[in-house]
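See below for the structure under consideration.
What you see is a predicted model, and the numbers here were worked out from it, not measured in a lab. As the structure lists them, so they are numbered: ligands from 1, and atoms in each ligand from 1.
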Amino acid sequence: MRILLTGANGLVGQKIKEALARDEQAELWATSLHPEINVLKGNYHYHTLDITMPSMVDDLMQRARPHVLINAAALANVNHCEKEKAECQQVNTEAVTTLIRLANHHKTHLVQISTDFVFQGQQSTYQEDDPRNPVNHYGLAKKQAEDQVMEEASLWSIVRTILVYGYVPELKRNNLVTWVYQSLQQGKPIKVVSDQYRMPTLAEDLAGAIVQIARQEKEGIYHISGREGMSIEQMAQRVGDYFNLDTSLITPVTSAELGEPARRPTHSGFNLFKAEKELGYLPHSFEEGLEVVEQQMNKFH
Ligand SMILES: NC(=O)c1ccc[n+]([C@@H]2O[C@H](COP(=O)([O-])OP(=O)(O)OC[C@H]3O[C@@H](n4cnc5c(N)ncnc54)[C@H](OP(=O)(O)O)[C@@H]3O)[C@@H](O)[C@H]2O)c1
């Protein structure tokens, strides 16, 4: 099976690349906007690809003729999206129009990665078919991309996820766990929001589920996250405790006190029933996830 992956330099993209590069049944074409970071041993091609350039995507789709196209490319910085709405729209929505058109043309199954931020965030657990009502521009752009996929793609799946954490030796954007770990280790005080609740997702759990969905060409929407709901501040405390770091450097703050440019959903969590039933999805606990992160940090340091 040939699989074309976009956004392969991102956290999620790198974990999908890792999973597929060692899979002998898959021929992986990994792509991202910039040259590859973290080159792996394994059986795959790497190409730079800007998904906002239809002619580049067209050319690569013609060469790869993939059975499945996994779109893990995104402008995922929520505050940046609030300030640069046109850029956010271009990468997170308009580029998806191109991917859908070319996927349809080549009879390729499109796997679009999406987010809990399509929901308003007033419920502790959301199901796949719950009504969406985003509270910021990033969520709106991702919702519009979902709408297009559902309405126009012939073969598709949408995988929504929540606050992804994990370790790779090089990463352009920190995630909650690596940010807290690095800050506390360097003795830097941090302010962490205490009135937003999430179900954090280990990047390996997500990548495993995406690969399974891609390989089985599963149709429809899937919710993939961890199983434990907690506030972001509780998450930070647990990271500090796990790594025996000084948690007195953590100051809890409210969303209002933090005053970020983009509003955030207050509560977001997923009902994982469909993923459990159809994929046998069994996520790590947060504690086990931190063990995975620690093992990887030890391997590379
Ligand atoms: N991380 C989370 O907590 C989270 C939560 C919910 C949903 N998601 C979703 O999960 C997916 C992956 O997110 P992530 O956390 O892996 O994000 P990420 O680490 O920021 O990676 C996104 C990647 O997209 C690539 N990219 C940006 N613009 C591009 C363009 N024009 N053409 C091609 N590639 C481009 C970048 O590649 P270069 O590095 O090569 O520039 C970047 O590495 C996204 O759809 C996001 O919305 C993430």
Side-chain angles (χ1 to χ4, degrees), residues 4-18 29-39 46-57 60 69-81 84 86-99 110-119 121 126 134 136-146 149 157-168 170-179 196 198-207 209-210 222-226 232 235 264-265 268-270 289:
L4 197 152
L5 168 68
T6 69
N9 280 336
L11 173 60
V12 178
Q14 288 203 47
K15 295 296 182 184
I16 297 172
K17 185 179 83 171
E18 262 176 46
W29 291 56
T31 72
S32 207
L33 184 58
H34 290 98
E36 185 176 27
I37 51 177
N38 296 324
V39 177
Y46 185 86
H47 302 266
T48 53
L49 175 68
D50 182 345
I51 60 164
T52 68
M53 303 281 287
S55 60
M56 278 185 85
V57 186
L60 207 62
L69 165 58
I70 303 175
N71 181 28
L75 213 61
N77 181 325
V78 177
N79 288 336
H80 182 81
C81 279
E84 303 293 339
E87 188 190 351
C88 171
Q89 203 73 18
Q90 198 187 13
V91 180
N92 292 338
T93 314
E94 288 160 25
V96 179
T97 315
T98 306
L99 300 182
L110 174 64
V111 181
Q112 167 69 8
I113 317 300
S114 194
T115 168
D116 56 329
F117 278 29
V118 298
F119 295 113
Y126 282 93
N136 57 41
H137 196 76
Y138 165 76
L140 179 66
K142 297 289 286 186
K143 174 186 176 287
Q144 288 168 345
E146 286 191 357
V149 171
S157 26
I158 290 171
V159 181
R160 296 194 190 118
T161 190
I162 306 176
L163 200 148
V164 185
Y165 67 93
Y167 178 80
V168 277
E170 255 193 85
L171 201 57
K172 293 182 187 165
R173 226 165 52 89
N174 253 328
N175 54 78
L176 192 278
V177 168
T178 54
W179 172 65
Q196 291 175 25
R198 304 280 180 267
M199 284 183 176
T201 310
L202 178 67
E204 276 77 2
D205 285 338
L206 173 62
I210 291 170
Y222 287 87
H223 279 182
I224 300 291
S225 69
I232 297 182
M235 234 177 273
R264 306 294 205 273
S268 84
F270 285 160

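Close N/O approach between Asn71 and ligand 1 is not found [any backbone or side-chain N/O within under 3.5 Å]. Not one N or O of Ala72 is nearer than 3.5 Å to an N or O of ligand 1, by distance alone. Residue Gly7 places no N or O, backbone or side chain, under 3.5 Å from any N or O of ligand 1.
Atom CG of Leu33 sits about 7.0 Å away from atom NZ of Lys172, to the nearest 0.5 Å. A distance of 11.0 Å separates OG1 of Thr201 from CG of Asn175, quoted to the nearest 0.5 Å. Considering OG of Ser32 and CD1 of Ile37, their distance stands at 7.5 Å, rounded to 0.5 Å. Rounded to the nearest 0.5 angstrom, Leu60 CG and Thr6 OG1 are separated by 10.5 Å.
Taking every heavy atom of Lys172 and a limit of under 4.0 angstrom, the matching atoms of ligand 1 come to 38 (P), 39 (O), 40 (O), 41 (O). Heavy-atom contacts of Ser114 reach the following atoms of ligand 1: 7 (C) (cutoff under 4.0 Å). Close contacts between ligand 1 and Leu163 involve ligand atoms 3 (O), 5 (C) [criterion: under 4.0 Å to a heavy atom]. Those atoms of ligand 1 that come under 4.0 Å of a heavy atom in Thr52, given as number and element, are 31 (N).
Considering each of Cys81, Gly10, Ala76, Ala74, the one bringing a non-hydrogen atom nearest atom 24 (O) of ligand 1 is Ala74. Counting only non-hydrogen atoms, the option in Thr6, Asn174, Leu49, Asn175 that gets closest to atom 33 (C) of ligand 1 is Leu49. Of all the listed residues (Gln14, Arg160, Arg173, Met56), Arg173 holds the heavy atom that lies closest to atom 1 (N) of ligand 1. Looking at Ile113, Thr115, Val12, Asn9 and measuring to atom 13 (O) of ligand 1, the nearest heavy atom belongs to Val12. Looking at Leu75, Asp50, Ile224 and measuring to atom 30 (C) of ligand 1, the nearest heavy atom belongs to Asp50.
The shortest heavy-atom distance from Ala8 to ligand 1 is not under 4.0 Å. Ligand 1 lies within reach of Tyr138, whose nearest heavy atom is under 4.0 Å from it.
Scanning the protein for heavy atoms near atom 48 (C) of ligand 1, the closest one is Val164 CG2, 4.2 Å.
Within the 4.5 Å cutoff, no side-chain heavy atoms of Thr161 are placed close to those of Ile210.
If you check the side chains of Gln14 and Glu170, you find no donor sitting under 3.5 Å from an acceptor.
Aromatic ring pairs are classed by plane angle as parallel below 30°, tilted from 30° to 60° and perpendicular above 60°; the pair Phe119 and His223 is perpendicular.
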